[in-house]
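Structure first, commentary second.
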Amino acid sequence: MARVLMTGFAPFGGESVNPSWQAVSLLGARRDDIAAVELPCEFAASLPALRAAFLEHRPSLVVCVGQAGGRQEVTPERVAINLVDARIPDNAGEQPVDVPVVPDGPAAYFTTLPVKACVAAIRSAGVPASVSHTAGTYVCNQVFYGLMHLLTEFPGVRGGFVHVPFSPEQVAASGTAAPSLGVDRIAAALEALADTALATAEDIAVSAGAEH
Ligand code: PCA
């Protein structure tokens, strides 16, 4: 039985790879206690796939990971909101606008990962990281919200979401100047995050406050 379920996403938005899945699959191959599962980048299919993976592996910790192109750091997310507002169609061609993830669900859920301790551990592993206060309004936020909603049925199981930058290969292929982080460094960050979450019952009290 895997102690940790870690998910990454399929490529989307015209990309041919998604570094979230590349890093998660690398880690899953290296660690017996981490089950790696790829989720479709589709509003209709992503949460059923997450629920099936959860019920198959029955982990004590779930970490979902997605690509946030343009970010410079690995960013554990603090809050999931009950809103879908898609900027582009998903991989099934659906583009829902201004609908809830869960009708009549609470407005938001907080992560149950110790995000500040995780950020400190990722930085100690030599990878830039900071806490994020928005997971957006696309499939990643939907999966994060759906995960936290699912975990209300399983007290004691902790979970959260992490966004990661583009890989250098993606940026090189696009010919842009977007920030990037190598897949091996992303995998090292996710490993530090998982180990810290498993070992830390209570988050550390340091500021990650943001003015905007
Ligand atoms: N990133 C998208 C969805 C899939 C992914 O890797 C997002 O941030 O919503």
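For this chain, numbers begin at 1 and follow the sequence in order. Atoms within a ligand are numbered from 1 in the order they appear, just like the ligands themselves.
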Under 3.5 Å, side chain of N82 to main-chain N/O of V101, donor-acceptor pair present?
yes
Output the set of protein residues with a heavy-atom contact under 4.0 Å to ligand 1, ordered first by chain identifier and then by residue number.
F9, F12, N18, C41, G66, Q67, Y138, V139, C140, H163
Return all side-chain donor-acceptor pairs below 3.5 angstrom for residues 91-99, not counting sequence neighbours, or 'none' if the list is empty.
from	atom 1	to	atom 2	distance (Å)
N91	ND2	P11	O	2.8
Q95	NE2	A86	O	3.1
Q95	NE2	R87	O	3.0

Set of ring pair (Phe, Tyr, Trp, His ring centres under 6.0 Å) partners for Y109, sequence neighbours left out
Y145, H149
Can you confirm whether F161 sits close enough to N141 that some side-chain heavy atom of one is under 4.5 Å from a side-chain heavy atom of the other?
no
Pairing residues for R31 by the salt bridge (charged side-chain N to carboxylate O under 4.0 Å, His left out) criterion, not counting sequence neighbours
D33, E191, D195
Any heavy-atom pair between the side chains of L150 and F54 that's under 4.5 Å?
yes
